[in-house]
Every structure is written in structure tokens, then in C-alpha cells.
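Every chain is numbered from 1, with letters handed out A, B, ... down the list of sequences. The analysis underlying the following values was restricted to heavy atoms, covering all of them including side chains, and did not include hydrogens, waters or symmetry mates.
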Amino acid sequence: ETGVTQTPRHLVMGMTNKKSLKCEQHLGHNAMYWYKQSAKKPLELMFVYSLEERVENNSVPSRFSPECPNSSHLFLHLHTLQPEDSALYLCASSQDLRGGPGTGELFFGEGSRLTVL
Amino acid sequence: GQNIDQPTEMTATEGAIVQINCTYQTSGFNGLFWYQQHAGEAPTFLSYNVLDGLEEKGRFSSFLSRSKGYSYLLLKELQMKDSASYLCAVDRTNAGKSTFGDGTTLTVKP
């Protein structure tokens with residue numbers, strides 16, 4: 001079993017659909033994150049949760065809505081998306097928000113490839 | 001905000017040494033990470049520097065100069081499997097988590 005698992009791996013949706021991405025970490029970490037990775041652009045930090053509390057929202061449009069019901073699970077709820085939202089959405093976790101090896105480095109899931117038609 | 005600059009692409013020969021540079025401008029610097037990402041896969045952690053100097057881990061080493069806002073990742077004895085994207089990421093004390101550079105795509109040729 002991998003440390004961070006994401007489902008679904010691939011998702012195609014229309015602009016009027018509502019869908020959710022799910023992330024689960026089996027590492028006992030305290031912090032979880034959503035990143036967006038688009039072609040030819042750097043990884044963009046979207047949301048940060050520490051001990052189930054949202055500590056950062058990087059000016060992400062409200063059509064993306066995160067949810068962290070417990071320290072092991074993170075969701076990204078999607079509604080009325082635009083074609084430019086098509087990207088790879090990566091979930092990550094770390095032991096804590098700060099620090100070096102053993103605490104601060106990110107463990108990524110395989111990502112959910114989203115296509116918005 | 002912050003700027004993180006890396007070369008877009010690099011090519012090297014199997015068995016050679018390659019240095020991938022990363023420069024950054026940031027406030028509240030709290031550490032610099034390097035990650036490796038193979039095509040179609042998730043990024044994986046390679047190294048971390050928070051103090052000036054060189055950190056060595058097998059064939060990979062990472063260097064940091066905080067006064068110059070500069071880091072490099074050094075890969076020795078290159079192997080074909082080292083062909084990947086290398087991501088420089090900076091942590092700040094006043095931000096949630098790492099901000100990433102665009103990444104450097106390294107191609108290792110026989």
C-alpha cells in the first residue's frame with residue numbers, strides 16, 4: 001500500500017458537473033496539501049491543511065472547495081469548472097508544516113488527471 | 001511573493017556529472033528542497049538544505065548559499081534512469097508550504 005493514494009486517477013467532466021477528488025494518506029502525517037500541475041507551468045499550491053485546519057488558500061477560485069474531515073483524508077470538491085482547469089491535481093502530505101527530512105518533505109500521491117470539456 | 005528560477009532543459013551523457021542550478025528571491029527563507037519527477041509519476045523527495053553548504057547523499061549532492069539565494073543539485077555518474085524533471089522548492093516561515101520552480105527537464109543520453 002502506497003503512502004498517499006488518490007482517486008480517481010483520471011476524470012473527465014463537463015462544465016456543469018459536480019465531482020470530487022479523494023486523497024488518503026497512511027503515513028500518520030499532520031499536514032496535507034492540494035497542488036495543481038499544468039503543462040509548462042510550475043506546481044501551484046492550492047490549499048494547505050494542518051491538523052485538519054485550513055491554514056492557506058492561495059486565491060483559488062470558489063469552484064474548488066477543499067474538505068479535510070480528519071488527518072488522513074482530504075477531498076477536493078469540483079463544480080462548474082472551466083476547460084482551463086484541466087490539469088493534474090496532486091495531493092501531498094508531510095509530517096509537519098515545517099522542517100527538513102523526516103518532518104517537512106512532501107510525499108505526493110500519483111495524482112488525478114482532470115479533463116474539463 | 002518569491003521568484004524561483006531554474007533552467008528549463010539540460011542534456012548530459014551517461015556516466016557524466018551534471019549541475020542543475022536554482023536561484024530564488026524570497027522573504028522568510030526556511031529551507032530549500034529538491035524533488036525528482038519522472039514523466040507520468042509523482043514527485044519524490046531528493047534533498048533538503050537550510051544551512052549554507054553541501055549535503056551529500058550517494059550520487060546526489062545539494063548545495064545552498066543563503067546570502068546569494070542560490071542552490072544547485074549535483075548528479076554524479078549519470079544513469080539513464082536519471083532522465084526526469086528536477087524541481088526546486090522553497091519553504092518560507094510566513095507561508096503554508098513550498099513554492100516550486102518550473103522544474104528542469106534532464107535528458108541523459110548514452
request  = Measure distances from B:Gln6 to the heavy atoms of chain A and classify the residue's part below 4.5 Å as side chain, backbone, both or neither.
outcome  = neither
Side chain to side chain contact (heavy atoms under 4.5 Å, CB included) against B:Arg59, all qualifying residues, sequence neighbours excluded = B:Glu77, B:Gln79, B:Lys81, B:Asp82
remark   = Residue set satisfying side chain to side chain contact (heavy atoms under 4.5 Å, CB included) with A:Ser50, at least two apart, ordered chain then number -> A:Val55, A:Leu97
ask   = Would you find more than 12 non-hydrogen atoms of other residues, nucleotides or ligands less than 6.0 Å from A:Lys18 atom NZ?
value = no
ask   = Within a reach of under 6.0 Å around CD of A:Glu84, are more than 12 heavy atoms found that belong to other residues, nucleotides or ligands?
value = yes
Test of understanding: clusters of I, L, V, M, F, W, Y form through side-chain heavy atoms closer than 4.5 Å, transitively. Do [X] and [Y] belong to the same one?
{"X": "A:Phe64", "Y": "A:Met13", "value": "yes"}
{"X": "A:Leu90", "Y": "A:Val116", "value": "no"}
{"X": "A:Tyr89", "Y": "A:Val48", "value": "no"}
{"X": "B:Leu73", "Y": "B:Ile4", "value": "yes"}

task = Drop me the distance from B:Leu46's CG to A:Glu105's CD, to the nearest 0.5 angstrom.
result = 11.0 Å
query = In residues 101-110 of chain B, which residues are in contact with chain A at a heavy-atom separation under 4.5 Å?
reply = B:Gly101, B:Asp102
query = Checking A:Tyr33 side chain against B:Ser98 main chain: does a donor-acceptor pair fall under 3.5 Å?
reply = no
Choice from B:Pro43, B:Ser47, B:Ser85 maximising heavy atom contacts with chain A below 4.5 Å = B:Pro43
remark   = If one checks every heavy atom of A:Glu44 against chain B at 4.5 Å, the contacting part turns out to be neither
task = Check each atom of A:Leu43 against the heavy atoms of chain B and say whether the ones under 4.5 Å are side chain, backbone, both or neither.
result = both
remark   = ring pair (Phe, Tyr, Trp, His ring centres under 6.0 Å) filter on A:Tyr35, not counting sequence neighbours, yields A:Phe108, B:Phe100
Over all atoms of both residues, closest heavy-atom pair of B:Ala42 and A:Gly109 = CB-O, 2.9 Å
